[in-house]
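Quick notes on the structure that follows.
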Amino acid sequence: MKVEKGMLVYIPSGVRLVKTERDKDDYDIYVKEYRVTDKPTNCLVLESGAAGKKRCKVIYEGTAWYVNCNSVYKIDKEKANASEARRSY
């Protein structure tokens, strides 16, 4: 699925979210912090997975995290139940 900025997505339980940090000396990227979702949730996409990138940036519990784009699912606004779309981000 093509994830786009501003999209509302569903993330199931058991999905790993990461915060990364770039080493200024050798330009490597390291995982600074990670979390695994303990329950399904809805999140807003801040950055889409650009060509060749497998990660997208989402807001989860008020903080920006990276997640594998293959682990998120688009929420169809037309069919979404209002109680499911109501989440505090």
Side-chain angles (χ1 to χ4, degrees):
M1 173 192 75
K2 175 77 170 134
V3 178
E4 297 175 2
K5 181 178 178 179
M7 196 182 252
L8 187 62
V9 293
Y10 168 82
I11 301 178
S13 62
V15 172
R16 184 179 303 220
L17 306 164
V18 297
K19 288 184 181 181
T20 58
E21 188 172 276
R22 184 178 295 266
D23 187 326
K24 295 176 183 170
D25 295 330
D26 57 10
Y27 301 103
D28 284 337
I29 297 175
Y30 300 97
V31 174
K32 179 177 157 182
E33 185 179 349
Y34 79 92
R35 280 182 99 170
V36 177
T37 55
D38 55 352
K39 60 183 179 180
T41 188
N42 298 331
C43 295
L44 181 66
V45 176
L46 296 176
E47 288 179 16
S48 63
K53 284 192 170 183
K54 296 180 182 179
R55 310 182 304 168
C56 55
K57 192 175 195 178
V58 298
I59 295 180
Y60 175 73
E61 294 185 351
T63 308
W65 295 84
Y66 287 100
V67 63
N68 186 324
C69 290
N70 293 331
S71 298
V72 301
Y73 302 91
K74 179 181 176 181
I75 295 176
D76 188 359
K77 294 177 190 174
E78 306 295 321
K79 297 178 184 175
N81 182 342
S83 63
E84 293 173 357
R86 154 182 78 77
R87 294 285 297 178
S88 166
Y89 299 105

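For Thr37 (side chain) and Gly14 (main-chain N/O), a donor-acceptor pair under 3.5 Å exists by modelled atom type.
Atom OG1 of residue Thr63 and atom CD of residue Glu33 lie 8.0 Å apart, to the nearest 0.5 angstrom. Interatomic distance, CG of Asn42 versus CD1 of Ile59, reported as 13.0 Å (0.5 Å rounding). Annotation: the span from Glu61 atom CD to Cys43 atom SG amounts to 8.5 Å, rounded to 0.5 Å. Between Leu8 atom CG and Ile75 atom CD1 the span is 3.5 Å, to the nearest 0.5 Å.
Closest of all the heavy-atom pairs between Gly6 and Leu44 is O-CD1, 3.4 Å. Residues Glu47 and Cys56 come closest through the heavy atom pair O-CB, 3.2 Å. Closest of all the heavy-atom pairs between Ala64 and Leu46 is CB-CD1, 4.0 Å.
Across Val45, Val3, Val72, Val9, a single residue satisfies side-chain contact (heavy atoms from CB on, under 4.5 Å) together with Val67, and that is Val72.
Both the sub-6.0 Å distance and the 45° axial angle are satisfied by Lys19 relative to the ring of Trp65.
Under the rule for a side chain to side chain contact (heavy atoms under 4.5 Å, CB included), Lys5 has no partner lying at least two apart in sequence or in another chain. Here Arg16 pairs with nothing under the salt bridge (charged side-chain N to carboxylate O under 4.0 Å, His left out) rule; sequence neighbours left out.
Put simply, the side chain of Tyr60 does not reach to within 4.5 Å of the side chain of Ile11, judged on heavy atoms.
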